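Written below as structure tokens is the structure these notes are about.
Positions are given from 1 along the sequence. Here the structure is a predicted model, which is why all the values come from computation and not from measurement.
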Amino acid sequence: MAEKRSLWGSKIGFLLAAIGSAVGLGNIWRFSYMAYENGGGAFLIPYLVALLCAGVPLMILEYSLGHREKASPPLAFARINPLWEPLGWWMPVVAFFGINLFYAAVIGWCINYFGLSLTLGWGTDTQSFFFGEFLQLSDSPFTLGGIRWPVLAATAGAWAICWTICYREVSRGIEKASMIFMPLLVILTLILVGWSLRLDGAREAIREFYLKADLSKIALNTAEGRKVWVAAFGQIFFTLSLGFGIMITYASYLPKKTDITGNALTTCILNCLYSIIAGFAVFGTIGFMANAKGVPFDEAITSGPGLAFVVYPEAINQLPILNQLFGALFFLVLIVAGISSMISLTEAFSCSICDKFVISRQKATTIICSLGLIGSIPFTTRAGLLILDIADHFINNYALIIGGILECILIGWLLKSQVMRRHVNNSGGIRLWPVWDICIRVITPAVLLIMLVGALLEDFTRAYGAYPIKALLLFGGGILFVTRLLSFILSHVPWRPEKLKTKHHPEDENLLT
Ligand code: PHE
């Protein structure tokens, strides 16, 4: 008997969930810092080019694959070519074990900081508070130094929220949560942006450092300029949650008649718009702080966790009024953005498990979230930040890019992109132009390959972050190896025959022969 697959209750529900996955911690701190580093407003040029020639084509690819096969990544890959199944597993396995485990710990930090903001409990020296008192950071990734209990407690809280939502399945859980989270996120972000723009020194900083375009930084005839382009492509991939099979999973719950191209365009545009708007809040707030403390802007801005947990608390301290409220608002924005991405990372894995094994969604969710909590524990130790930094670097530079290249080869060459384009056009909505075939078969994989080679050259000439090589091999290479091994093992469990049976696509026949 064919089992019934969950469906989204509404078109907007699906869109909000997909945007919820895309809009995450990366939109808030990663985008702003990258824009600042890479030529301010000029960064928008490579960013938008990357969006058009890699982001949108790949989003359409992931949506159409999930929609056509109505399957999780491993099943969709296996149906196209059984030899590719391990690679189909690798995406959700990396999403879960590679990203979700530390993503949960970072949300745990945000929850702690939300609490701290109510009393400005981080004190006046926010840098030593974060690294010293709060994380009690050890000096080597090998010195775990015991668990930081407040971090573990909040991380467990993040997993509990994620479990509660995923347990209720797609339309009653993820869709309902997204219907609440996304409007809430938009409202909170707009308040934050409006408030930030009114701070002294904010507008000048935005004008000078965010909007002013330094075109020399993106010149393709300089090595520095080319790096900016590579960085822009990397950011587009990360921010759109591409290469992890998440969008394949979410699209597998779509009804037969769906505007795939339109949905992909909407997701991409709204996600990038969110980043650009959030950039006003980040640049404005840091500009205010630099102004208040009389330090230059480039000394005030930092990347990654430092931006949210050191610079922002410092800026909050400097506010003339309502500091606590501003702080709570900022960390709430991070928590909501983070949880909706965490849900998608969990869902991609649990959907894959449920496709292959005879297990109920509820049971799978409970087991997966419990495993997730246990797996997050290393990230809540005193070495957590260091392990996280290494894992993040290797996953973003390798797993995600390799995933993207393989998707392009599978759909562009093995299935043939015309077959998929025809499926998209038969499903209704905006027509997909043949130029998509060129992107998927040539442009996108070529650019990704350049990025991959660039990352390899960089890693082989210089140890990332000056960490000991052993640590890089264990926490970076180790994660890549273990996730590959696990994918290989999972792909050797046989499918139930009714699952693997290729869905009949009569429309493909004349194209495939
Ligand atoms: N897109 C999310 C962000 O910008 C990160 C993410 C990557 C989430 C991959 C899910 C999967 O923060």
Which value, rounded to the nearest 0.5 Å, describes the distance between [X] atom [atom1] and [Y] atom [atom2]?
X: E347; Y: C166; atom1: CD; atom2: SG; result: 5.5 Å
X: T249; Y: L75; atom1: OG1; atom2: CG; result: 11.0 Å
X: I246; Y: E62; atom1: CD1; atom2: CD; result: 8.5 Å
X: I99; Y: L345; atom1: CD1; atom2: CG; result: 6.5 Å
X: L188; Y: L334; atom1: CG; atom2: CG; result: 11.0 Å
X: E407; Y: I248; atom1: CD; atom2: CD1; result: 4.5 Å

*Assign the ring pair F297 / F283 to parallel, tilted or perpendicular, where the plane angle (0 to 90°) is split at 30° and 60°.*
parallel
*Which class fits the ring pair F330 and Y312: parallel under 30°, tilted 30 to 60°, perpendicular over 60°?*
parallel
Keeping the roles fixed (side chain from [X], backbone from [Y]), state whether a donor-acceptor pair exists under 3.5 Å.
X: S340; Y: V336; result: yes
X: N271; Y: T267; result: no
X: S275; Y: F31; result: no
X: N27; Y: G24; result: yes
X: N100; Y: A95; result: no
X: S344; Y: S341; result: yes
X: S352; Y: A348; result: yes
X: Y103; Y: L25; result: yes
X: E224; Y: K217; result: no

Minimal non-hydrogen separation, [X] against [Y], with atom names:
X: T346; Y: C369; value: CG2-SG, 4.1 Å
X: A18; Y: Y63; value: CB-OH, 3.3 Å
X: F102; Y: D392; value: CZ-OD1, 3.6 Å
X: C162; Y: M342; value: CB-CE, 3.9 Å
X: D214; Y: S216; value: OD1-OG, 2.7 Å
X: Q318; Y: A292; value: OE1-CB, 3.9 Å

Flag side-chain contact, heavy atom, 4.5 Å: [X] against [Y]:
X: L385; Y: F131; answer: yes
X: L51; Y: L240; answer: yes
X: I60; Y: M420; answer: no
X: L199; Y: N291; answer: no
X: F326; Y: L192; answer: yes
X: V311; Y: I301; answer: no
X: L185; Y: F181; answer: no
X: F77; Y: L65; answer: yes

*Distance-only polar pair, side chains of Y274 and T189, donor-acceptor under 3.5 Å*: yes
*What do you reckon, is CZ of F488 surrounded by more than 12 foreign heavy atoms closer than 6.0 Å?*
no
*Just jot down the side-chain contact (heavy atoms from CB on, under 4.5 Å) partners of L406, sequence neighbours excluded, or say none.*
W84, L87, I402
*Take L52 and L48 through the side-chain contact (heavy atoms from CB on, under 4.5 Å) test and state the conclusion after the steps.*
CA-CA 6 Å; L52 279 181; L48 292 177; 5.8 Å; no
*When you check the gap from the basic side-chain N to the acidic O, do K356 and E85 get nearer than 4.0 Å?*
yes
*For V282 and Y36, run side-chain contact (heavy atoms from CB on, under 4.5 Å): C-alpha distance rounded to whole Å, both residues' side-chain angles, the deciding distance at 0.1 Å, then the answer.*
CA-CA 11 Å; V282 175; Y36 169 71; over 6 Å; no
*Apply side-chain contact (heavy atoms from CB on, under 4.5 Å) to the pair L211 and F280, showing each step before the final yes or no.*
CA-CA 9 Å; L211 299 180; F280 281 91; 4.1 Å; yes
*Please walk me through it: do W436 and V56 pass side-chain contact (heavy atoms from CB on, under 4.5 Å)?*
CA-CA 9 Å; W436 181 74; V56 173; over 6 Å; no
Pairs under 3.5 angstrom only: tabulate donor-acceptor contacts from the side chains of residues 226-238 to other protein residues two or more places apart or in another chain.
residue: R226; atom: NH1; partner: L220; partner atom: O; Å: 2.9
residue: W229; atom: NE1; partner: I218; partner atom: O; Å: 2.9
residue: Q235; atom: OE1; partner: R30; partner atom: NH1; Å: 2.6

Taking distance alone, no hydrogens or angles, what donor-acceptor pairs closer than 3.5 Å link side-chain atoms of residues 135-157 to residues at least two apart or in another chain?
residue: Q136; atom: OE1; partner: R382; partner atom: NE; Å: 2.9
residue: Q136; atom: OE1; partner: R382; partner atom: NH2; Å: 2.7
residue: Q136; atom: NE2; partner: E133; partner atom: O; Å: 3.4
residue: S138; atom: OG; partner: S140; partner atom: O; Å: 3.2
residue: S138; atom: OG; partner: T143; partner atom: O; Å: 2.7
residue: S140; atom: OG; partner: F142; partner atom: N; Å: 2.9
residue: R148; atom: NE; partner: F134; partner atom: O; Å: 2.6
residue: R148; atom: NH2; partner: E133; partner atom: O; Å: 3.4
residue: R148; atom: NH2; partner: F134; partner atom: O; Å: 3.0
residue: T155; atom: OG1; partner: V151; partner atom: O; Å: 2.6

Identify each donor-acceptor pair in which a side-chain atom of residues 202-210 lies under 3.5 Å from a protein atom, sequence neighbours left out, and give them as a table.
residue: R203; atom: NE; partner: L197; partner atom: O; Å: 3.2
residue: E208; atom: OE1; partner: K212; partner atom: NZ; Å: 3.4
residue: Y210; atom: OH; partner: I276; partner atom: O; Å: 2.7

Do any side-chain atoms of residues 462-480 form donor-acceptor pairs under 3.5 angstrom with protein atoms, and if so which ones, sequence neighbours left out?
residue: R462; atom: NH2; partner: E458; partner atom: OE2; Å: 3.3
residue: Y464; atom: OH; partner: D389; partner atom: OD1; Å: 2.9
residue: Y464; atom: OH; partner: D389; partner atom: OD2; Å: 3.4
residue: Y467; atom: OH; partner: D389; partner atom: OD2; Å: 2.8

*Would the W122 and F309 ring centres measure less than 6.0 Å apart?*
no
What donor-acceptor contacts under 3.5 angstrom involve side-chain atoms of residues 443-455, with partners at least two apart or in another chain?
residue: T444; atom: OG1; partner: C53; partner atom: O; Å: 2.9
residue: T444; atom: OG1; partner: C439; partner atom: O; Å: 3.0

